[in-house]
Amino acid sequence: MFGLPQDDDLLIKGLTVHSDPDDGSSPVRLEGVELRLARGEWLNLVGVNGSGKSTLARIVAGLSASGATGTIRRGFAGAMPSAYVMQQPDAQLFGETPREEMTFALEWMGVPAPEIPQRAERMLERADLLALADLPWKRLSGGQRQLAAVAAAAAGRSPLIVFDEATSMLDAAAGSKVMAIARELQAEGTAVVWVTQRLEELRPDSRVAAMAGGRLVFDGNGREFLYGADPLRETSPCAACGLRLPYLASLAVELHRLGRLAAPLPMTEEEWCSLRVREKAGAERG
Amino acid sequence: MVDATEGGSELRLRGPLGQEIAIRAGTVTVLLGANGTGKTSLLEIAAGLRDPEGIRVSYGEEPLWLERANGKRRINTAALRQYAYASQAPEEYIVSRTAGDELNEALKPYSLTDAERDEWIDRALAAVGWDASWRSRDPFRMSGGERRRLALACLLAPPARWLLVDEPTAGLDAAGQQRVGDALRKRRDEGAGILLVSHDTEWALPLADRLLLLSPDGRIRCCGRSDLLSHPEWWEEAGMEVPEWLRTITPLLRHGLPPDRVWNPADLAQEWARLLDGGGTGANGSGFGQSNSDRITMEEVPRSNPPAESADRPILRPRVDREESDAIVPLAAFDPRSVWLAYVLLSLSIFSRHSWSGVAMAAVVVLAATALGRMPLMRWRGLLTGFLLFSMTVSLVAGVGKGWTFDSEAFLVTLQSMVRTLLVMVLGLGLALAITPLRLRRALEQLFSFRGRMPAWAQKFVLTVTLMLRFIPMFLHEWERFSRHAIARGKESSMALRAVVRRLLATALPFLLALFRIGDQVAAALESRGVGRRRNPTLLRTQKWRKRDTALASSAMAAAALLWLWG
């Protein structure tokens, strides 16, 4: 559905992770997960807390996981761990100022010393932090700190970057900024795994994989995830994996139920704005 | 049976300028505001967990703080018992080994008979959909969602008239969010007053009787939820974006959709259909039916006008968490190596003083250094006072000899060595403030490296030490967070030894668990940055030894020589 399999795809087969690495009968965090990720692809990974999405995200990022069995072929992502951004900016910032953070990141990427100051400057510019480059973290807002963490993580132009609920602590404005940087990275060819519980971040045609109880229960596009193939006959995959259907999506389903709104049901603000709602049940499509 | 409705019927917050916000019992009040505005701080002030910053809080007739004769404040435990409190991520504060113990702990501050206590616990368990068999369950063997549910039961268990709740839906699944909503509604209907911080408007607004919009400047607008629907500019006035769902349905509201039909999507869909069919809505029917007889189009909502200046909004401005000093320490301008050298020289000379006059001289040197370096030592006053008390205790213990005689010489010798340590510690703290850990790391690596390479052990050692320094402020922050919560939970401020030990335990265990979580995240972040995987990171030489560094090192040498000569 999302392009033909390629030789350098990141491929996960039969992945099971036990919560106690030494005990094969302990509860599982992941069970029989199959996932394929192509170079440059954008994958949204959703699910409630405890569904295993974070465990899977870490494994996709190539971080060490104890108790994991199954096949993992990292393909285009390479052998080194990929860039990984978490919820809390403070636990992933090691410098005391944005510039120091970029320098630290570049040092560990093995960038030659003479190139470091210039590249740090460019990274700060991209994250819109140039004016704040030498201020201590406490003078920056949570959103600005998270942007610094994203910029530092993306320092090495890694072929894959994993965002693990990176916007959940941010307000809408800061969240969309982080998202914008992620989109920029993808436009440059970096594959993005975007773990989220914010369903408003999903686009109708982008790929969504949903986790529930350690299993991958859905892999399709955003609109199918919210509404299912037929909203009136089946539970939406979103509700099935325990997430609350957003208000506007519930409204669309209710209008559809009344025969006022035809599929495809709207998902974004633009779609709602250009929407025509039918006057009477059974009237022709608007 | 304790009557949950006794006492006054309003929770009042009175600002420094005398303006007041009153929250009525039997209502749900939702506090909205942009990130970093201080919603959580305001809730913590209402709960007496932090300095009230001039805001006076009272629960009915009970003021939260009592003035003592000496002008100091004391928290009023009768007011503390009026509320139950759930912070963000309340499951992180669970300490007991069974769910029953945790619930008992929540009820301990209330004088209840065993039978009453059992009844409240059973009711709380039932409210979260659990039966009595859950009492014996171990919270640390529960899933995250179950622990969260136990924390909700602990919020609901006490016979408190007020519930203060911070972001209860964050990280919960749909069923969990529904459960919290139902439980809060039920308590409201039983007469409880609920103050709720939530950014999840889709969930919180259907619950709300009143809304408080907190602006970044500390002004608060108090309104009903229907008012908020017709005033999108109030969101922007409070520094928030109008939520997408509201932007989308605003054209319908302008066409006469009754605001009370908004809260349930099924109601709204039916009302929408009725409007389309020309079914009229009484007063607004005519205007709508004529102008838009065919269909309602969801045109773009025009941006609202800039908010009108409203002097009527009271100001309740909690201080948003800030470190005491933002000033850049002058020492930061020096090469870390010169600062480090000065520190080592002075410390050595202080440690070798063995007369009281020498120690006094050393104290003068240290004070001069902190003053010249403008080191913000106030930030560490808790630590320094603690160390001073510890020194006195140790010295006294050393002085007590056989048969309860007091050996003043032993006392003084011990005290002297403790004072020397204290002086060196003050210098060290100053050093930590002046040089950021990564600069220190780089300086140390330059000292240790040979031909641009450095042995792996030295690299590990330096990185570990400097990262520890980096995360100390975060550890302090976490400790403060858990100790605040221990007050909300124990509802006592007594300095009696047993109470202090109890609070300490309720702080220490969740603190340690938080350290593990932070450690896990830090490790993941380091690993993803390639730290530990790449053998030889670049050694960046950013420091240059300048004249001022020579000057600093020589003054330190002079001061050290002076101390040596003094004896």
Side-chain angles (χ1 to χ4, degrees), chain A residues 48-50 58 61 63-64 80-84 86 88 90-92 94-96 100 103-113 116 138-139 141-143 152-153 156 170-174 200 239 242-244 246-248 250-251 254-255 257-258 260 269 272-273 275-277 279-280 286, chain B residues 34-36 143-145 170-175 177-178 199 202-203 240-241 244-245 247-249 265-266 268-270 272-273 276-277 294-300 322-323 326 436-439 467 470 474 518 521-522 524-531 533-534 536-542:
Chain A
V48 300
N49 281 1
R58 283 186 179 210
L63 302 179
S64 41
M80 289 293 287
S82 306
Y84 179 65
M86 288 169 290
Q88 279 282 359
D90 296 331
Q92 38 188 333
F94 304 101
E96 303 269 322
E100 222 179 64
T103 310
F104 179 70
L106 292 169
E107 280 174 350
W108 282 93
M109 300 308 305
V111 173
I116 287 183
K138 61 194 172 197
R139 299 259 199 102
S141 71
L170 309 181
D171 56 25
E200 67 269 23
L243 287 162
R244 187 184 71 202
Y247 177 88
L248 286 175
S250 315
L251 179 60
E254 293 299 335
L255 287 169
R257 195 186 308 282
L258 295 173
R260 304 295 177 135
E269 202 173 353
W272 276 99
C273 283
L275 190 71
R276 296 282 186 275
V277 175
E279 192 178 337
K280 283 209 170 62
Chain B
N35 274 9
S143 71
L172 278 186
D173 60 10
Q177 296 180 353
Q178 173 91 36
H199 74 280
E202 292 185 16
W203 175 84
M240 289 180 286
E241 272 184 21
E244 191 187 339
W245 64 268
R247 280 202 304 265
T248 306
I249 63 166
L268 177 55
Q270 275 182 358
W272 192 339
L276 280 166
D277 297 345
D294 49 350
R295 51 175 64 115
I296 299 173
T297 56
M298 306 294 292
E299 75 273 21
E300 197 82 49
R322 258 184 221 110
E323 300 276 337
D326 276 353
T436 68
L438 282 188
R439 285 186 69 208
L467 285 183
R470 158 71 182 91
M474 196 166 169
I518 294 173
Q521 290 175 12
V522 170
L526 283 174
E527 198 185 346
S528 76
R529 301 264 193 101
V531 177
R533 293 270 185 121
R534 280 194 182 79
N536 290 300
T538 313
L539 267 179
L540 185 63
R541 292 178 186 273
T542 51

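All heavy atoms count here, side chains included; hydrogens, waters and symmetry mates do not. Letters A, B, ... mirror the listed sequences (proteins, then strands); counts begin at 1.
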Review point. Under a 4.5 Å heavy-atom cut-off, does chain B meet the side chain of A61(A), its backbone, both or neither?
Key: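 For A61(A), there is no contact with chain B at all, as no heavy atom is under 4.5 Å.
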Would the distance check show the side chain of [X] and the main-chain N or O of [Y] forming a donor-acceptor pair, the cut-off being under 3.5 Å?
| X | Y | value |
| --- | --- | --- |
| E202(B) | Y247(A) | yes |
| Q177(B) | R244(A) | no |
| R257(A) | A266(B) | no |

Check your understanding: So which of A152(A), G142(A), A153(A), S141(A) has the largest heavy-atom pair count under 4.5 angstrom toward chain B?
Key ->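 Top count of heavy-atom pairs under 4.5 Å with chain B: A152(A).
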Practice item. Please name all residues satisfying side chain to side chain donor-acceptor pair (under 3.5 Å) with W245(B), sequence neighbours left out, ordered by chain then number. Key: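 In terms of side chain to side chain donor-acceptor pair (under 3.5 Å), with neighbours along the sequence ignored, W245(B) is linked to T201(B).
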Check your understanding: Between CG of L172(B) and CG of N49(A), what distance do you get to the nearest 0.5 Å?
Key ->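 L172(B) CG to N49(A) CG: 8.0 Å, rounded to 0.5 Å.
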Exercise for review: First locate atom CG of L526(B), then atom CZ of F94(A), and finally report the distance between them rounded to the nearest 0.5 Å.
Suggested key: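 Rounded to the nearest 0.5 Å, the CG-CZ separation comes out at 3.5 Å.
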Review point. Are the side chains of W272(B) and L258(A) in touch, meaning some heavy atoms are under 4.5 Å apart?
Key: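 No; the side chains remain at least 4.5 Å from each other.
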Practice item. Would you check if T248(B) and L251(A) make a side-chain contact, meaning some heavy-atom pair closer than 4.5 Å? Key: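 They are not in side-chain contact.
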How far apart are the closest heavy atoms of [X] and [Y], and which atoms are they?
| X | Y | answer |
| --- | --- | --- |
| N35(B) | L170(A) | ND2-C, 3.3 Å |
| A91(A) | Q521(B) | CB-OE1, 3.3 Å |
| R529(B) | F104(A) | NH1-CD2, 3.8 Å |
| A525(B) | M86(A) | CB-CE, 3.8 Å |

**Study point:** Choice from G145(B), G144(B), G171(B) maximising heavy atom contacts with chain A below 4.5 Å
**Key:**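 The answer is G171(B).
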Exercise for review: Pick one of side chain, backbone, both or neither for Q270(B), based on which atoms fall under 4.5 Å of a heavy atom in chain A.
Suggested key: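 For Q270(B), backbone and side chain are both near chain A.
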Point to revise | Sequence-distant partners of E200(A), side-chain contact (heavy atoms from CB on, under 4.5 Å), two or more places apart | key: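 Applying side-chain contact (heavy atoms from CB on, under 4.5 Å) to E200(A) gives R198(A), E244(B).
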